[in-house]
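Only a predicted model underlies this, so the values are computations on that prediction, with no experimental measurement involved. By convention in this document, chain letters (A, B, ...) are assigned in the order of the sequence lines, proteins followed by strands, and residues within each chain are numbered from 1.
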Amino acid sequence: MAQDSPSDKTMVTKCRRSRTSFTEDQLKILVQAFSQNPYPGYTAKQRLAVEINTEESRIQIWFQNRRARHGFLERPKKNLDSSKDHTSPKEKIQDGRDRRCRTSYSSSQLQTLKNAFTENPYPGIDSREQLAEEIGVPESRVQIWFQNRRSRLRIQRKRGLEEASDQRQNQGQDL
DNA sequence: CACCTAACGTAATCATTCT
DNA sequence: AGAATGATTACGTTAGGTG
């Protein structure tokens, strides 16, 4: 019920990615990794992806789903060791959670994405893959781009309405 | 059909880049 | 410092496969 738009009129692109079924061996490795760390960083996810021969985005989804269903019992949050020894400057500053490097889009890539977005803000897997191929970026990045774009458009709209009602209150002074 | 779970959506937030 | 925007998370929903 949270998502309503794609079922309204532009329903033509209904393709989801075909459901991947992990083999027992793959699952074993995933479960094992999860028990060791339910919040793998990017490099860890990448390594797992190679190890079980799947895409990193599948690993990410799997961990998301797993955390949601099995409520592990961990509070990693801001893992900061209490050793504030600034006298050890040659330590690896890798404490910060390792994330995927922020991808930066060229203006032509952005133009393509924006065009596609106005055409259909909810592209199915086929469209996303086609777009990804076209601009030379992984499909998972295209998916994230569309998610962020939709979110920010919604926020913008909401704010627009709020400002409109604000203006109504400030009106009626001059005029 | 019921159950499990991959795929995918939103909302909030973290983090990086740029002005 | 703050605006833009990519990445990650929690949580909820949708849909495919199986007993």
Looking only at N and O atoms, is any donor in the side chain of [X] or the base of [N] less than 3.5 Å from an acceptor on the other one?
X        : N     : value
A/Arg19  : B/dT5 : yes
A/Arg149 : C/dG6 : no
A/Arg102 : C/dT5 : yes

Please state how far atom [atom1] in [X] lies from atom [atom2] in [N], giving the value in whole angstrom units.
X        : N      : atom1 : atom2 : result
A/Leu30  : B/dT5  : CG    : P     : 13 Å
A/Arg157 : B/dA11 : CZ    : C1'   : 16 Å
A/Asn65  : B/dA6  : CG    : P     : 6 Å
A/Lys114 : C/dA4  : NZ    : C1'   : 11 Å
A/Tyr42  : B/dT16 : OH    : P     : 15 Å
A/Glu139 : B/dA7  : CD    : P     : 11 Å
A/Leu110 : B/dC18 : CG    : P     : 13 Å
A/Gln26  : B/dA6  : CD    : P     : 11 Å

Donor-acceptor pair, side chain of A/Glu133 and main chain of A/Gln130, under 3.5 angstrom: no

Sugar-phosphate only, base, or nothing, as touched by [X] at under 4.0 Å among non-hydrogen atoms:
X        : result
A/Lys158 : nothing
A/Gln143 : sugar-phosphate
A/Ser18  : sugar-phosphate

Any side-chain heavy-atom pair of A/Phe63 and A/Asn37 under 4.5 Å: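 They are not in side-chain contact.
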
Note, A/Arg47 side chain near A/Val50 side chain (heavy atom, < 4.5 Å):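 Heavy-atom side-chain distance check fails, nothing below 4.5 Å.
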
Between [options], which nucleotide gets closest to the side-chain atoms of [X]?
X        : options              : value
A/Ile144 : C/dA7, B/dA6, B/dG9  : C/dA7
A/Arg99  : B/dA7, B/dG9, C/dA7  : C/dA7
A/Arg16  : C/dG6, C/dC11, B/dA6 : B/dA6
A/Arg154 : B/dA11, C/dG6, B/dA6 : B/dA11
A/Gln60  : B/dT5, C/dT9, B/dG9  : C/dT9
A/Arg67  : C/dG6, C/dT9, B/dG9  : C/dT9

Do you know which two heavy atoms are closest between [X] and [Y], and how far apart they sit?
X        : Y        : answer
A/Ser140 : A/Ser57  : CB-CB, 3.8 Å
A/Cys15  : A/Asp126 : SG-OD2, 3.6 Å
A/Leu131 : A/Ala116 : CD1-CB, 3.6 Å

Can you see if the side chain of [X] gets near the phosphate of [N] - specifically, an N or O under 4.0 Å from OP1 or OP2?
X        : N      : value
A/Tyr122 : B/dT10 : yes
A/Arg150 : B/dT10 : yes
A/Arg17  : C/dA15 : no
A/Trp145 : C/dG6  : yes
A/Thr103 : C/dA7  : yes

